[in-house]
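Contents: one structure, followed by commentary.
Side chains included, hydrogens not; waters and symmetry mates left out as well; all remaining heavy atoms used. When a residue number appears, it is its place in the shown sequence, counting from 1. Order of appearance sets the numbers: ligands from 1, and atoms from 1 within every ligand.
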Amino acid sequence: MTQQTVSLIGAPTDIGAGHRGASMGPEALRVAGLGERLSARGLKVIDRGNLQGPLNPWLPPENGYRHLDEVAAWNMAVHTAVRQELQAGRIPVMLGGDHCLAIGSISAVADHCRDTGKKLRVLWLDAHADFNTANATPSGNIHGMPVACLCGNGPDVLTGIGSHRPSTSPQVFRQVGIRSVDEGEKKLVREAGMKIVDMRHIDEVGMKRAMEEVLADIDEDTHLHVSFDVDFLDPPDAPGVGTTVRGGPTYREAQLCMEMIADTGRLASLDIVELNPAYDVHNQTAELAVDLVESLFGKSTLIR
Ligand SMILES: NC(=[NH2+])NCCC[C@H](N)C(=O)O
Ligand SMILES: [Mn+2]
Ligand SMILES: [Mn+2]
């Protein structure tokens with residue numbers, strides 16, 4: 001097999017979040033050895049450095065959105081960078097930054113899939129559904145809205161990023177690890193028919209069967225994008241995030257999830273978002289994220 005190339009793209013901003021500090025995420029992932037570990041897995045790694053965008057003015061929401069113009073500017077930068085790496089045949093790994101940046105990365109992946117005739121599948125690993133709208137949001141923070149925006153439900157400056165509006169549809173998503181959905185947001189995910197593997201389902205059937213369900217209809221034509229919100233993980237293991245929710249996957253469950261994704265051989269792009277070093281303890285959450293991303297790229301403890 002030809003050697004695959006991974007491009008690391010830093011997007012150092014907390015523009016869509018309710019806590020400051022995710023802007024330090026890209027550097028914490030580098031310090032935790034992300035590039036070196038992927039190289040050691042046999043991948044060619046190019047670090048594109050960090051994108052630039054507006055500073056965080058830290059203002060209250062206006063008309064239901066906080067920092068809307070700045071969020072749009074950052075996402076346009078992410079879109080362009082991710083698109084470029086895909087066109088060059090590389091695997092873009094977007095280092096957030098908060099989860100609003102998935103609007104830019106996934107719209108780029110969706111455009112690329114339209115160009116190449118691939119079938120897009122997004123695995124959204126998260127404690128949250130991130131399907132809020134200006135009406136449903138309890139906070140105005142746009143990191144709680146990217147999935148809705150990508151499905152065309154959001155402000156024009158965000159739903160219009162990329163060459164197609166909407167960029168994608170709820171059918172494209174499989175959400176895993178979900179355990180915090182706001183009241184109005186629940187109604188929206190139900191109406192949209194969003195396929196959600198929530199923690200209750202993982203408790204009931206186990207991570208193995210839950211992931212078998214999630215990965216069932218992936219085939220050789222699938223472009224698999226993983227949007228990994230680090231708050232997916234159980235907070236005692238991963239304190240370095242702004243919005244912790246108790247009762248996430250254990251270390252072993254998260255490993256199995258990543259290993260089963262790797263086994264499909266279809267991973268073609270990745271976001272690592274919401275890592276917040278201001279809340280971390282000795283960079284342990286960044287190190288855990290790197291460990292799991294290695295598994296996503298095929299590291300395994302299997303002996304047989
Ligand atoms: N990407 C995240 N961490 N999202 C958290 C969203 C929290 C909450 N549902 C909100 O909309 O404000
Ligand atoms: Mn999220
Ligand atoms: Mn989250």
Would you mind telling me which of K119, R121, R266 makes a salt bridge (Lys or Arg N to Asp or Glu O under 4.0 Å) with D219?
->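 Exactly one candidate clears the test, K119.
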Who's the nearest protein heavy-atom neighbour of [atom], and how far?
atom                    : result
atom 7 (C) of ligand 1  : H128 CD2, 3.9 Å
atom 8 (C) of ligand 1  : D182 OD2, 3.5 Å
atom 11 (O) of ligand 1 : N132 ND2, 2.8 Å

Sequence neighbours excluded - ring pair (Phe, Tyr, Trp, His ring centres under 6.0 Å) pairs with any residue from residues 21-73 =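 Those involving residues 21-73 do not exist here.
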Does any non-hydrogen side-chain atom of [Y] lie less than 4.5 Å from one of [X]?
X    : Y    : result
V109 : C113 : yes
R48  : R90  : yes
L296 : V226 : yes
N50  : R30  : yes
Y251 : P236 : no
L68  : E62  : no

Can we say R174 and D217 salt-bridge, meaning some charged N sits less than 4.0 Å from an Asp/Glu carboxylate O?
->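 Salt bridge: yes.
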Heavy-atom distances under 4.0 Å decide this one: backbone, side chain, both or neither, for [X] against ligand 1?
X    : result
V273 : neither
H143 : both
D130 : side chain
D231 : side chain
M145 : neither

For residues T137 and N132, is any side-chain donor paired with an opposing acceptor at under 3.5 Å?
->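 No donor-acceptor contact under 3.5 Å links the two side chains.
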Any N or O of D126 that comes nearer than 3.5 Å to an N or O of ligand 1?
->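 No; the residue has no nitrogen or oxygen that sits under 3.5 Å from a nitrogen or oxygen of the ligand.
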Counting both backbone and side chain atoms, is some N or O of N141 under 3.5 Å from an N or O of ligand 1?
->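 No, there is no polar N/O contact under 3.5 Å.
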Is the backbone of G96 close enough, under 3.5 Å, to the side chain of D271 for a donor and an acceptor to pair up by distance?
->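 Side chain of D271 to backbone of G96: no pair is present.
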Exam field: side chain H282 to backbone Q284, donor-acceptor pair closer than 3.5 Å =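 Such a contact is absent between H282 side chain and Q284 backbone.
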Using a 4.0 Å cut-off to any heavy atom of [X], which atoms of ligand 1 qualify?
X    : answer
T243 : 3 (N)
S139 : 10 (C), 11 (O), 12 (O)
G144 : 6 (C), 11 (O)
D229 : 1 (N), 2 (C), 3 (N)

Test log, rule side-chain contact (heavy atoms from CB on, under 4.5 Å), inputs L123 and L215 = CA-CA 9 Å; L123 300 185; L215 301 170; 3.8 Å; yes
Leaving waters out, which protein N, O or S atoms fall under 2.8 Å from the Mn ion (ligand 2)?
->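 Those protein N, O or S atoms (cut-off: under 2.8 Å from the Mn ion (ligand 2)) are H99 ND1, D126 OD2, D130 OD2, D229 OD2.
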